[in-house]
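Reminder, nothing fancy here: chain letters follow the sequence lines and each chain counts from 1.
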There are 2 protein chains.
Amino acid sequence: MQLQPACTASNFTAAPRQAAPEAGACGQRIADALKLIATLLEPQRRVVHAGDVIYRAGEPFSRLHILNSGLFKLLSLSADGREQVVGLRLRGDWLGFSAIAGGVYACDAIAMDTGEVWTVPYDALLRACSRHPELTAIVHEAMSHEIVRDRDSLIALCTLPADARVVAFLQFWADSLARRGLRTDQISLRLTRAEIGNYLGLTLETVSRVLSKLARARLIAFNEKNRRDICIPDFHALGAFVQRREAGVGLH
Amino acid sequence: MQLQPACTASNFTAAPRQAAPEAGACGQRIADALKLIATLLEPQRRVVHAGDVIYRAGEPFSRLHILNSGLFKLLSLSADGREQVVGLRLRGDWLGFSAIAGGVYACDAIAMDTGEVWTVPYDALLRACSRHPELTAIVHEAMSHEIVRDRDSLIALCTLPADARVVAFLQFWADSLARRGLRTDQISLRLTRAEIGNYLGLTLETVSRVLSKLARARLIAFNEKNRRDICIPDFHALGAFVQRREAGVGLH
DNA sequence: CGCAACCTTGACACTTGTCAACACAAGTGG
DNA sequence: CCACTTGTGTTGACAAGTGTCAAGGTTGCG
């Protein structure tokens, strides 16, 4: 059984790329998966608001969550008490996979906006999967996708300098929106500088400086009176900016 | 159906921890999983040697691989040609999960040592899972474990300074060995400084300097005439070293 | 108005990368 | 046996990138 190629969303890499050329297709794909989940699993549906906790690290695991809408962050609490944003999740993503191995949730999942969460007991999911192979395919694909995405962000964080990380973040963000059929030229970050920096392994000052630099270079533009909404006039130029800098570093 | 807590191997974090207190239990757990896989799936078995390629990025996906012995690295090739080590895999780990979503392998998997690889067609695995729920549990746990492990290393790479990363790497390594029932006081890294640095997002010089510093502080000791084999006399002291530095950084 | 969040910018220090030189071991071929 | 090469590891000097600290600006809200 060969799976058809998914919209693997090679998000969060340095390669310059047009924003989601397969936008519609992938949005459809997500919609189809959600519809199948809705009909086969009849998940419990819940509307959440900014700040609502889906689960916390350490809680016993018994249910998985599928996001129908909204924006969510995954927070990992290190031993010394600092929080680290380890992922952002949107419509079509699953929450809770990381808890299967340990029996307890491995991080906090928190809504950053109004959204709808579907919840299914894990054992019910397993039973449904044994009856419906197409559901198994969707679950495995979602887990696999999460592995690929995490790996991509790992590479970005390991190898890219600060400004390239911020650019990669902007590309990732626009990609995620485009793939769900939303407009990408005018985007709202919905994260503070501190949260972006935390996610990217940078300080908030560095994020602010990079954004200012990009704005001075006309690669992005801030909305009037609101520096969280930004506009990306030319996607290709944004990626090329990073490429140029990397080439410069290589020179003597 | 509540899963029993697995040996989640919170490898690769900053928290000081004794090396694998549950060593035997976890080795047994891996052995049980392998036995189940062997009997239910009758995988094709193959002996590999250092440098052998299990798969390459871009090859079409149809089979998963389970490692019975040996050491393997996952290499991700970025757009501009640089290689990045994105993971190390040992006995009991699976290879190929990241290919499920995309239909093609997402990275290279290369043996670094003599070992034995078991290979199963993915569709055969799915069929077996539908008949044997306990196999599904093992597969899901392995995928979940991979997600957790990747996330842990992400945190380490994002938030830790260079010396803490190297210490975390040593702890991860000793943990991995201990969990499989091997001795941890005398370990062979089997990686060059360059490979360690690549994996940790550091240069080989930085890795070398950190190891020298640890050796000067008597936290590790090099083997005579072979600086790849190292000895860790006191595991707790190694972790405490990082904690102390972090506390120092916080002071004014 | 005052206050709290959030953002920006500058000066400075520190960590780490870059470049270079050298040491050492293993293999190769004269 | 000795040069020579290659791969690996160590160490130092220096520079670049980024974090830290501090000050001030803007927005929104009670």
Start at the 5' end of DNA chain D and walk down; is the nucleotide closest to A:Ala162 or to B:Arg227 reached first? B:Arg227
Taking [atom1] from [X] and [atom2] from [N], how many angstroms apart are they, rounded to a whole number?
| X | N | atom1 | atom2 | answer |
| --- | --- | --- | --- | --- |
| A:Glu205 | D:dG19 | CD | C1' | 8 Å |
| B:Leu211 | D:dT11 | CG | C1' | 14 Å |
| A:Leu204 | C:dA5 | CG | P | 15 Å |
| A:Asn226 | C:dC6 | CG | C1' | 11 Å |
| B:Arg209 | C:dG17 | CZ | C1' | 9 Å |
| A:Leu200 | D:dG17 | CG | P | 18 Å |
| B:Leu157 | C:dT16 | CG | C1' | 15 Å |
| B:Asn223 | C:dA25 | CG | P | 14 Å |

N/O donor-acceptor pairs under 3.5 Å from side chains in residues 46-56 of chain B, not counting sequence neighbours:
residue : atom : partner  : partner atom : Å
B:Asp52 : OD2  : B:His49  : N            : 2.8
B:Tyr55 : OH   : B:Gly96  : N            : 3.3
B:Arg56 : NH1  : B:Asp108 : OD2          : 2.9

Is a donor from one side chain sitting under 3.5 angstrom from an acceptor on the other, for B:Arg151 and A:Ser98? yes
List the residues meeting salt bridge (charged side-chain N to carboxylate O under 4.0 Å, His left out) with A:Arg193, not counting sequence neighbours, and say none if there are none. none
Quick check: do A:Leu214 and A:Phe241 have side-chain heavy atoms less than 4.5 Å from each other? yes
Parallel, tilted or perpendicular for B:Tyr105 and B:Phe61, by the 30°/60° rule? perpendicular
Classify the angle between the aromatic ring planes of A:Phe169 and A:Phe172 as parallel (below 30°), tilted (30 to 60°) or perpendicular (above 60°).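 Ring orientation of A:Phe169 relative to A:Phe172: tilted.
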Check each residue of residues 186-196 of chain A for a non-hydrogen atom within less than 4.0 Å of any atom in DNA chain D, then write out the ones that pass by number, or none.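 Of all residues in residues 186-196 of chain A, none places a heavy atom under 4.0 Å from DNA chain D.
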Proximal nucleotide (of [options]) relative to the [X] side chain:
| X | options | result |
| --- | --- | --- |
| B:Phe222 | D:dT10, D:dG19, C:dC19 | D:dT10 |
| A:Arg228 | D:dG19, C:dT8, C:dC7 | C:dC7 |
| A:Thr203 | C:dT18, D:dG9, D:dT20 | D:dT20 |
| A:Ser208 | C:dC7, D:dT10, D:dG19 | C:dC7 |

Among A:Arg190, A:Arg91, A:Lys73, which one satisfies salt bridge (charged side-chain N to carboxylate O under 4.0 Å, His left out) with A:Asp113?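 Of the listed options, the one satisfying the test is A:Arg190.
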Categorize A:Gly197 for me: base, sugar-phosphate, or nothing, with a 4.0 angstrom heavy-atom threshold over every strand shown. nothing
For a quick test of reading the model: is some side-chain N or O of A:Thr206 closer than 4.0 Å to OP1 or OP2 of D:dG17?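 No, because none of the side-chain N or O atoms of A:Thr206 sits under 4.0 Å from OP1 or OP2 of D:dG17.
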